[in-house]
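Scroll down for the structure; my scribbles are underneath it.
Predicted model only: the values in this text are computed from it and were never measured. Position 1 is the first residue of the sequence, and the numbers go up from there.
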Amino acid sequence: MTKKAFIFDLDGVIVDTAKFHYLAWKKLADELGIPFTQHDNEQLKGVSRVRSLELILNLGGVTLDEVEKLNHLKEKNEDYLSYISEMTHADVLPNVPKVLNFLKAHQVPIALGSASKNAKQILEKVGLLGVFDAIVDGNEVSKAKPDPEVFLLAARKIDANPEDCVVFEDAIAGIQAANQAKMLSIGIGESEILHEAKYVFRDFTKISTKFLAELLK
Ligand code: B16
Ligand code: MG
């Protein structure tokens with residue numbers, strides 16, 4: 001039997017921080033007079049902070065110099081962190097602890113593969129920092145999803161072949177990154193949006209232990 005390993009995205013998979021990113025970006029967009037909807041926010045999922053700002057500026061046809069961009073990025077992150085500071089274990093998405101416990105009980109290596117530079121802080125807040133065998137976040141990668149760098153580095157850290165890795169992702173860019181890494185991609189969200197994934201589940205309550213056990217074979 002090959003040794004399987006599992007890699008989890010953070011935002012939108014383990015916790016629902018997309019709503020906090022949206023509120024913080026929306027405040028900035030309003031300040032800049034740029035219309036920004038929840039629908040627009042879909043394009044920012046899994047995308048780096050800097051790239052997210054570029055996408056919002058493009059939406060409004062607004063150009064800023066580098067200093068202004070850095071100031072806005074700092075302000076957005078401070079707003080975002082004020083929401084994060086209120087998070088507790090209750091913010092972990094339903095059934096995620098059950099899935100993590102199942103994998104732990106079967107001695108399956110698990111890693112985090114997130115674009116967020118705040119990943120460790122979020123995991124700490126929700127009490128999951130010690131659960132992962134390896135953490136790869138936005139501080140360690142130079143190429144953003146859909147580049148497979150984040151997942152390939154995570155696989156290397158847990159000593160797994162990419163072909164033996166299963167990735168849980170909520171973003172289109174993340175599914176593409178997992179597919180490019182030749183990993184088995186599982187979308188968490190809507191199948192119309194995540195149609196490039198091998199499997200898609202609405203959330204972790206729809207994933208049975210029987211299904212997980214099949215993946216371990
Ligand atoms: P930060 P993930 C991503 O996290 C988010 O989905 C994306 O919306 C965000 O812009 C990115 O992290 C960077 O986050 O500003 O905290 O560094 O989904 O890859 O876990
Ligand atoms: Mg995500």
Side-chain angles (χ1 to χ4, degrees), residues 5-26 28-29 34-60 73 76-77 80 92-96 99 110-119 122 135-155 162-163 165-207 211 215:
F6 280 58
I7 303 174
F8 291 75
D9 173 51
L10 179 62
D11 295 346
V13 168
I14 291 176
V15 286
D16 178 19
T17 38
K19 62 187 179 203
F20 301 142
H21 278 297
Y22 174 68
L23 292 171
W25 285 128
K26 174 76 179 149
L28 178 61
I34 300 172
F36 180 63
T37 64
Q38 298 252 26
H39 180 73
D40 298 325
N41 195 53
E42 278 300 315
Q43 304 307 317
L44 309 189
K45 288 187 178 174
V47 171
S48 75
R49 200 182 305 171
V50 172
R51 181 75 191 125
S52 298
L53 177 61
E54 283 168 5
L55 290 171
I56 291 171
L57 294 177
N58 285 347
L59 272 178
L73 285 170
K76 183 268 170 181
N77 198 50
Y80 177 67
V92 176
L93 287 168
N95 252 32
V96 168
V99 171
I110 51 175
L112 188 91
S114 167
S116 175
K117 293 187 171 181
N118 299 307
I122 296 167
I135 292 174
V136 180
D137 64 20
N139 299 297
E140 279 177 80
V141 291
S142 54
K143 294 180 230 127
K145 301 168 187 174
D147 190 282
E149 184 186 16
V150 61
F151 295 140
L152 291 173
L153 187 53
E163 292 82 1
C165 292
V166 176
V167 174
F168 290 110
E169 251 295 346
D170 71 312
I172 301 164
I175 295 294
Q176 291 168 340
N179 291 343
Q180 276 206 56
K182 304 221 172 351
M183 298 177 177
L184 189 147
S185 56
I186 302 185
I188 301 295
E190 306 203 6
S191 47
E192 300 83 62
I193 295 175
L194 304 174
H195 57 85
E196 290 174 59
K198 173 86 175 162
Y199 303 100
V200 181
F201 296 93
R202 182 75 209 87
D203 55 45
F204 279 93
T205 67
K206 303 283 186 288
I207 300 181
F211 175 77
L215 292 177

Restricting to side-chain contact (heavy atoms from CB on, under 4.5 Å), what partner residues turn up for [X], sequence neighbours left out?
{"X": "D40", "answer": "F36, T37, L59"}
{"X": "S52", "answer": "W25, L44, V47"}
{"X": "K143", "answer": "D147, E149"}
{"X": "L57", "answer": "L32, I34, L53, V62, L64, K69"}

Nearest 0.5 Å please: distance from the [atom1] atom of [X] over to the [atom2] atom of [Y].
{"X": "E190", "Y": "D170", "atom1": "CD", "atom2": "CG", "result": "11.5 Å"}
{"X": "I172", "Y": "Q43", "atom1": "CD1", "atom2": "CD", "result": "5.5 Å"}
{"X": "L23", "Y": "T17", "atom1": "CG", "atom2": "OG1", "result": "11.5 Å"}

Sequence neighbours excluded, which residues qualify as salt bridge (charged side-chain N to carboxylate O under 4.0 Å, His left out) partners of [X]?
{"X": "K26", "result": "D30"}
{"X": "D9", "result": "K145"}
{"X": "E42", "result": "K45"}
{"X": "E54", "result": "R51"}

Heavy atoms only: give me the nearest [X]-[Y] pair and the separation to one decimal.
{"X": "A171", "Y": "L194", "value": "C-CD2, 3.9 Å"}
{"X": "A197", "Y": "I186", "value": "CB-C, 4.4 Å"}
{"X": "I122", "Y": "S116", "value": "CD1-OG, 4.4 Å"}
{"X": "T205", "Y": "P94", "value": "CG2-CB, 3.7 Å"}
{"X": "I188", "Y": "D203", "value": "CG2-CA, 4.1 Å"}
{"X": "L152", "Y": "P162", "value": "CD2-CG, 3.8 Å"}

query = Any donor-acceptor pair under 3.5 Å linking the side chain of D137 with the backbone of S114?
reply = no
Is [Y] close to [X] at the side-chain level, that is, under 4.5 Å between some pair of heavy atoms?
{"X": "R49", "Y": "Y80", "value": "no"}
{"X": "L73", "Y": "V50", "value": "yes"}
{"X": "L93", "Y": "D16", "value": "yes"}
{"X": "N118", "Y": "N77", "value": "yes"}

note = Residue pairs passing the ring pair (Phe, Tyr, Trp, His ring centres under 6.0 Å) test with at least one member in residues 174-193, sequence neighbours excluded, are none
key: Pairs touching residues 172-181 that satisfy side-chain hydrogen bond (donor to acceptor under 3.5 Å, both in side chains), sequence neighbours left out   = Q176-E196, N179-S185
Ring pair (Phe, Tyr, Trp, His ring centres under 6.0 Å) partners for Y199, two or more places apart = F211
note = ring pair (Phe, Tyr, Trp, His ring centres under 6.0 Å) filter on F168, not counting sequence neighbours, yields F6, F8, F204
